[in-house]
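Here's the structure we're looking at; comments come further down.
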Amino acid sequence: MALDPGIVPEGRRTFMQEVIAATPGGDPHLELCLQCGTCGGSCPSGPDMDHTPRQLFAMIAAGMREDVLKSNTPWFCVSCYYCVVRCPQEIHITDIMYTLKRMAIEEGYYRESSAAEAPDFSETFIDFVEHYGRSFELGLATRYHLKHHPLGMLKMAGMGLNMLIKGRMDLKPTRIEHLDQLQAILQKAKELEGKD
Amino acid sequence: MPNRYAYYPGCSLEKNARAYHISTLYVAEKLGVALEEVPDWNCCGATEYFAIAALPAYALVARNLALAQGMDWNGGQRHLVAPCSACFLNLSKTDHYMADSPQLAAQVNEALAAGGLHYDPGAVFVHHLLDVIVDDVGYEKVQEMVTKPLFGLRVAPYYGCLVTRPDYKHIHNEPEHPFCLDDLLAALGATVIDYPVKTACCGGHMTQISEDTALELIRRLLKAAADYRADAIVALCPMCQLNLDGYQAQVNKHFGTDYHIPILYFTQVMGLAFGATPEEIGIGKEFVDARPVLNKIQEKPPEEGKKRRKKRRDKQALPMPELLRTHTGRK
Amino acid sequence: MQHKPQEKPRIGVYICHCGTNIAGTVDVEEVARWAGELEGVVVARDYKFMCSSLGQDLIENDIKEKKLNRIVVAACSPLMHEKTFRGACQKAGLNPYFFEMANIREHDAWATDDKTAATFKAKALVEGAVNRVKFHMPLEPIPVDINPNTLVVGGGIAGITAALELANAGYHVYLVERSPSIGGHMAQLDKTFPTLDCSACILTPKMVDVGQHENITLLAYSEVEAVEGYLGNFTITVRKKARHVNEDLCTGCGICIEKCPRKVIDTEFEAGLGYRKVIYRPFPQAVPKYPVIDTENCTFFQRGKCRACQIFCPTKAIDFDQEDELITFQVGNIIIATGYDLFDARRIPQYGYGRLANVFTSLEFERMVNAAGPTGGRIVLRDGVTEPRSVAIIHCVGSRDKNYHEYCSKICCMYSLKFAHLVRERLPDAEVYNFYIDIRAPGKGYEEFYHRVLHEGAHLIRGRVAEVTDAAREPGEEGKLIVQVEDTLIGKQRRIPVDMVILSAGIEARKDSKEVAQLFKMGCDFDGFFVERHPKLDPVATMTEGVFIAGCAQGPKDIPDTVAQGAAAAARVAGLIHQGTVLMEPVRAYIHEDLCSGCRICNNLCPYNAIVFHEDRQKSEVITALCQGCGTCVAACPSGVISGAHFTNDQIFAQIEGVLWDVRAKATAPS
Amino acid sequence: MPKNTDFEPVILGFLCNWCSYRAADLAGTARIHYAPNMRPIRVMCSGRVDPQFVLKALREGADGVLIAGCHPGECHYVNGNIKTLRRFLLLRKMLEQLGLEPQRVQLVWASASEGKQLAEAVNRMTEEIRALGPLRWPEFLARETTSEATMEAA
C-alpha cells in the first residue's frame, strides 16, 4: 500500500489534484470532503462496494493510487446522484466516479477489481454507438454476454426472445444518416483529449 | 407553453420502450403539445460513454444539442424535450457543464467543428417530458382531457433518479420527495399511494455488471409497492420500466417472491384516462401483463367515508406536523 | 475652482501588512516605496501590524520627530480602526481629523488574488487618501448627552440578563418582547446540559425579577415599530398589540382559559406537540401573567358568537374592543437580543419529518420530556401511548451542510447527548443511537458529560444519516423506522430499525432578521445573524453607535455564552451611561451665510428638518444639533456654498484625482 | 465591436458609509473575489454624490462610475438614496446627450449584508465597460481643446 508521504516534488501533482483536473465541468470540490459518510450511507449499491465512496476519497487524499483504481466502487456506481444532492460539501461524486473509471481503464488496474467486466460492457455499448450512431440492444447483449457469460446467455436469451416477441427489440441496428459527421466529431474529441 | 418542442426520443423509445414513444405522441396530440423530432439525432451515450472517455462523451451529446439549436425556431425560444431520464440528464448536464466551464465548451465546440456544427451553451432549454406536462401544460388542462377517470386504481408514482437529481436547471427543486407526478396521477382520478421509495434507484445498468446487486435494487421497489398495495407502478424512464418489468420474473425466482406488478409509463396512464384503447398507447408490450389491473378501474370514485374516519383523531395521540409540499427547502 | 491646502502638507504614510492578510496579496514594500515619492509625503513606511501599540508608536514618534501634519494609514476598513489611529494622532498632539485611512484589506487584498492588480489598486487608494488628507481641516467632536434609559429588544435569557444587569445598576430599561410572555426558547427546554438543572427552575425566578423590577418597564406582546435618532438620543415607537384583556383589571386567575371551548395546536410554546386554548397564557409561569386572545382562531372574532371568557371573567377584564396601542419613549442605547429560529426539519425530506409520524424535532422532544409538557414527561410515540424501545438521535440536521446552513449550530451535539441521557433515564430498557459527524463538546464539563453518556450505554455511531425510511427490506425492519447510515468507523452501510427518531435541528437566524437589522441600522451577515463590530475584540457592539447585540441573534451559542453576552452588552451600555456624554463625529453641514443666495432648494431636502430659512435675512442656516451629516444638501446647493465637514468638495475632488493617478497620467501623456 | 482583452476598465465607486461601503467590507471579509477594477470612495450617503463628482471622475480618466447606496426605504438618512436616484436619472440623461453610453454610469443598491450582490454588480459593470472599450474622455477633451486652439490660431 503506497501512502502519500505528504511531500510532493515540485512540478508534480498529488493524486487528488490529478483526479480533480481530470473531472470536467467546474470545481468538483473533492478536497472539501468532511468524511461524514452521507455518500456511503445513501448509495443503493453501497453494500456491495469494497470501499464506500467516503473511504475512497480518504484514500485519494492519502495518495493510494493503486488501491483506489483497483477498487470496484466506481464500477458499482449506478449514477443515481443521491450522494451528489445530499453531500453537505457539494462534491461532484458521480462525476468523480466517472473520472476514476476512466483512470482505471487507462492504467489497466480495473482488471484487478472485482468488477473487471464492467468496462467491457461500456466499451461494447459505445462501440455500437460509434458504428451506428444509436445503441443496439440485441447486438450489445449478444456480444457482451457471449464474451463474459456464455452460460448466462441462455438465461438472457429467454428474455431477449421475449423482447423480440413483444416488439421491444430490433434484429438490425438503426444507422443515423450523417454517421461520418458523428465519427469526425468523435475522432476530433479523442484527439483533443489525447486518447487517439 | 412554448408553441413547439424539439423532440429527442432517444434509442430506447425506438426499440424496447416503443410503448412510451407511442403513448407520448398520443398524449402530446391530445394536449396540443407540438413535438418535432431532432433531425438525425444520435445516442446520448447513456451512462456508458462517460466511463470510457470524457470529451468524446460530451461531444456525442453536444451534437444533439447543436442539431436542436440549428432547427428552424423563427427566432423563438428553443425548447428540447426528452422522455428518457438518462437522455434528459445527459443533455442537460452537457449544456450545464459547457456553460459552467468555458474550457469544456471550447473543446467540445472544437470537436463539433470537425462535423461543421456548433453549440452555444444555454441556447436550448432541455426538458423532461414530465415537466413539460406538469409545468407547461398544467394539471388543469390535463384534467379537462380526462374522459375515463382511473377511479379505484392504486398507483405507485415512481420518479427514479435522473429527473429529480441532480436537477441542474432547478426544474423540480426536489431531489428527494417530489409530488408533481403524484399530483398528475391524482388529476387522472387514480389513488396515489405514498410510495416511500419514489426516487430510489432501479439499478440502471447494474443488471449487466452485478446481477445480485441489481435484482436486490429492483426487489426493494417491488416490495414497497406491494407493501403499500399498489396495483401498478408508474414510471417515467425506459430504463426503470425495463428493469422493473423485464426482470420481475427473475426477481421472483431469485428471492422466491411472487410479484405481479405491471409497470406503466405515465403517458400510458394518461392515455387510459383520456380514453385511449390499450393498443393506441402500447399496452400489451409489457412483460407483466397490465390488462388484469385495468379491470380494477371503477365508474365512481372511492367512498369519502374512509377518509373521514381516518381524520378523527385518537384523544391521546399527539398532533402531527404538516407535510411541506411546495418545496422551497434547499437554497 | 479648487482651493489650495492651507499649510504645506508634511504627510506620513503607513502601509499595514496585517500579518499576511494584506501583505499576502499586496506588495506592501512597493506601495510604501512608491508612496514615499508622492508630493507632500515626508515619510512612508510599511509595518506588520499598524494597529498594534508599536505601530501606533511609530506614527506618534514620526509626528513628533518629523513634524508631520497629516497622516495616512493604508490598512483595514476605517469602520474597524479609524478611531485607533485618530487616537494615535491626538496623543501626538495632532488634530485627529488630519488623518485619513485607505482600505486596502477588505476592499482590495481580500477581494482578489491577483497580486499585480491588488498592488495597483492599493496605490490608487493610497494616492486618493494622500491627496485628500492635504485638504483636511481640524475639527472638534460634538459632545452628546446620553439618555440613561435603555431599550432591550427580546425577552429570552439574553434580554432578561441584560435588562436585569442594567436595572440592578439603577438604570431604567424598556424590555420589549414580541410574544405574550418573556422566557424565550429557554422556557421551553426541560433540562440544561451538562449540569442537568431544570431549565424552568433557574429561569423563572429571573422572569419574576423582570416582572417586578421597579426599573424595568416590560412591554410584552409588543413590537418595535420605529427607531429614530442616534447614540444617546433614540426615539422609540413600540406597538403594544391588543391582548383583548384589560391588564389593570385582570388578576391572572385563569378562569377565562378554563372556560374557553376551543383548542388549537400550540405551534409556539409546545412546538406543535400540544394544544392550547384560544385565550391562553403560553405557560403557567408566564410573565406577565395576563392571557391573550388569539383572534384568528377565536369563535367570537371569527363568527361573533361565544363570549365564554367574557361571561365568566370575575373582574370583567375581557375587552373585545381593545386596540393596538402605540407607545413612544426616549432611550440612549439599544440592546438587540432577538434570539433564533429552529431549523425547519421538513426542509430535509429524506429524514421524513411531517411524513413519518414517529420522527420528532428536538424542540418537540424537549416539550415531551418536560413534566409540564403535553405528555407529562412521558416519552411516547405519536400515538401518545406506546413507549419506544429504541430511539435514534440524528445530529447536524440543517447544520454543517452547504445545502442548508454551512455553519455548525454549536449546541446540537450537547443537547443530543442530553437527550440520550434522558431517554436512558426514563426508559432504561430502550436502546439509544446517536448519529454524529463529529462530537463537538468544547465547554466546561461538556467532554465529561459526553463520557458520562457513553458510560450510560448510548450507542454512538459516527456517520451522517443518509435517510430515515419506512420502506422495510428485511423482516426485522417491518413496522419500524429504518435509519440508513454509513458507519464511518467501520466503513460499512448500516440500517438500524428504531421506533422513534429525533432530529437535532440547528439554529438559524430569525426569519425577519433582515428587517430588524434595517430597523436598527445594523449589519446582517449572509445567514441573517447580526454583525458585531469586531468578531474577537468587540463581540457585542455593532457598527452603529449605541446599538448592541447579545445572544443567538449574533450567532449560534449555548446558554452560558448567551448569558455572558447579555451581561457584556449591559456593561457596555452602563459604561456609556456612566460617562454621561459622548463625543460624536463632527460631520455636519454648514452654510456660508455671506454667499447663500436664499434660493431655498436645500430647505426641503433635509430629512431632519435641520435647515431653517431666515425670512429677514433671506438666508438659510443649518441647525447643527439636528444635522446628521448626510450631505444631501451639500450636493444640491446650486451655488456650492454648503460645505459638509470632512466631506468637502475639495477633499473629494482631490481624492478622485488621486484614485485615478494612473489614468490621469496616461491622459496627459502624449499619445 | 471586437472585444479588447487587454483593456482593464477603471471604475470609480462612490459607496455610502452605511450600506454599500459595509457591503464591500463584507465581500472582503467573506473573501469574495471580484474584479479589482472598481476603486471605492466613501461618502456618508449616496445623496452626497454631487453630479460634479461623476463628471470630474470621467474627466480625470475613469471609464465608468458606480454609485452604490442603501436600498430604497433603507436609507440611514431616511431617503437620501431617493434623492440620489432622481439626480442620477437626470445626470444620465445629460450624459447620454453628450454621447456617453448609459452603462458607464450606474446606480446600484446594496445593503450591508449584500457583499455578494455588490461584488456581482462590480463584475457585471466591469464586463459591460470592457465590452464598450475605453472612454478616452481626457484625450477627447484634449483633442477638442487642441482643435479649438488651432482654430483660434488660424
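Everything quoted here is computed from the prediction, not taken from an experiment.
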Sort out for me which of [options] touches chain B most, counting heavy-atom pairs under 4.5 Å.
| options | answer |
| --- | --- |
| A:Ala22, A:Ala184, A:Gly167, A:Ser135 | A:Ser135 |
| A:Asn162, A:Leu100, A:Thr94, A:Thr23 | A:Asn162 |
| A:Pro47, A:Pro119, A:Gly25 | A:Gly25 |
| A:Glu137, A:Glu117, A:Glu123 | A:Glu137 |
| A:Lys188, A:Arg134, A:Lys166, A:Gln181 | A:Arg134 |

Determine whether a donor-acceptor pair (N or O, by modelled atom type, separation under 3.5 Å) exists between the side chain of [X] and the backbone of [Y].
| X | Y | answer |
| --- | --- | --- |
| B:Glu48 | A:Ile126 | no |
| B:Asp100 | A:Gly26 | no |
| A:Arg168 | B:Lys15 | no |

Minimum heavy-atom distance [X]-[Y], with the two atoms named:
| X | Y | value |
| --- | --- | --- |
| A:Cys80 | B:Arg165 | O-NE, 2.8 Å |
| B:Arg220 | A:Pro44 | NH1-O, 3.5 Å |
| A:Ala189 | B:Leu55 | O-CD2, 3.6 Å |
| B:Cys201 | A:Val78 | SG-CG2, 3.5 Å |
| B:Tyr58 | A:Pro24 | CE1-CG, 3.6 Å |
| A:Trp75 | B:Met206 | O-CE, 4.1 Å |

Taking the side chain as C-beta and beyond, is there a heavy-atom pair between [X] and [Y] under 4.5 Å?
| X | Y | answer |
| --- | --- | --- |
| A:Tyr81 | B:Pro166 | yes |
| A:Val85 | B:Glu176 | yes |
| B:Arg18 | A:Asp170 | yes |

Looking at chain A, which one of [options] has the largest number of heavy-atom pairs inside 4.5 Å, strictly under?
| options | value |
| --- | --- |
| B:Ser101, B:Cys11, B:Pro56 | B:Pro56 |
| B:Leu104, B:Val108, B:Leu60 | B:Leu60 |
| B:Ser12, B:Gly45, B:Gly10 | B:Gly45 |
| B:Ala200, B:Ala105, B:Ala17 | B:Ala200 |
| B:Ala59, B:Ala249, B:Ala114 | B:Ala114 |
| B:Asp40, B:Thr213, B:Asn42, B:Ile209 | B:Asp40 |

Toward chain A, the part of [X] with a non-hydrogen atom under 4.5 Å:
| X | value |
| --- | --- |
| B:Thr199 | both |
| B:Asp245 | side chain |
| B:Tyr20 | neither |
| B:Leu162 | side chain |
| B:Leu242 | both |
| B:Leu112 | both |

Contact class of [X] relative to chain B, heavy atoms under 4.5 angstrom:
| X | answer |
| --- | --- |
| A:Thr174 | both |
| A:Phe76 | both |
| A:Glu130 | side chain |
| A:Ile105 | side chain |
| A:Tyr82 | both |

*Start with the C-alpha gap between B:Cys43 and A:Phe125, add the side-chain angles, then the distance that decides, and say whether side-chain contact (heavy atoms from CB on, under 4.5 Å) holds.*
CA-CA 10 Å; B:Cys43 172; A:Phe125 182 94; 4.1 Å; yes
*Has B:Gln103 got more than 12 heavy atoms of other residues, nucleotides or ligands less than 6.0 Å from its CD?*
no
_side-chain contact (heavy atoms from CB on, under 4.5 Å) for A:Ile176 and B:Arg63? Distances and angles first, verdict last._
CA-CA 12 Å; A:Ile176 64 168; B:Arg63 178 177 176 269; 3.7 Å; yes
*Can you label the angle between the B:Phe50 ring and the A:Tyr98 ring as parallel, tilted or perpendicular, going by 30° and 60°?*
tilted
*asked:* Under 3.5 Å, is there a donor on one side chain and an acceptor on the other for A:Asp95 and B:Tyr97?
replied: yes
*With side-chain contact (heavy atoms from CB on, under 4.5 Å) as the test, would you mind laying out the steps for A:Asp48 and B:Asp212 before giving the verdict?*
CA-CA 9 Å; A:Asp48 295 320; B:Asp212 287 353; 5.9 Å; no
*Spatial distance of atom CG (B:Leu117) from atom CG (A:Leu182) [nearest 0.5 Å]*: 10.0 Å
*Given the rule in the side-chain contact (heavy atoms from CB on, under 4.5 Å) test, do A:Ile165 and B:Lys285 qualify, once you have shown the distances and angles that lead to the verdict?*
CA-CA 9 Å; A:Ile165 292 168; B:Lys285 288 187 183 294; over 6 Å; no
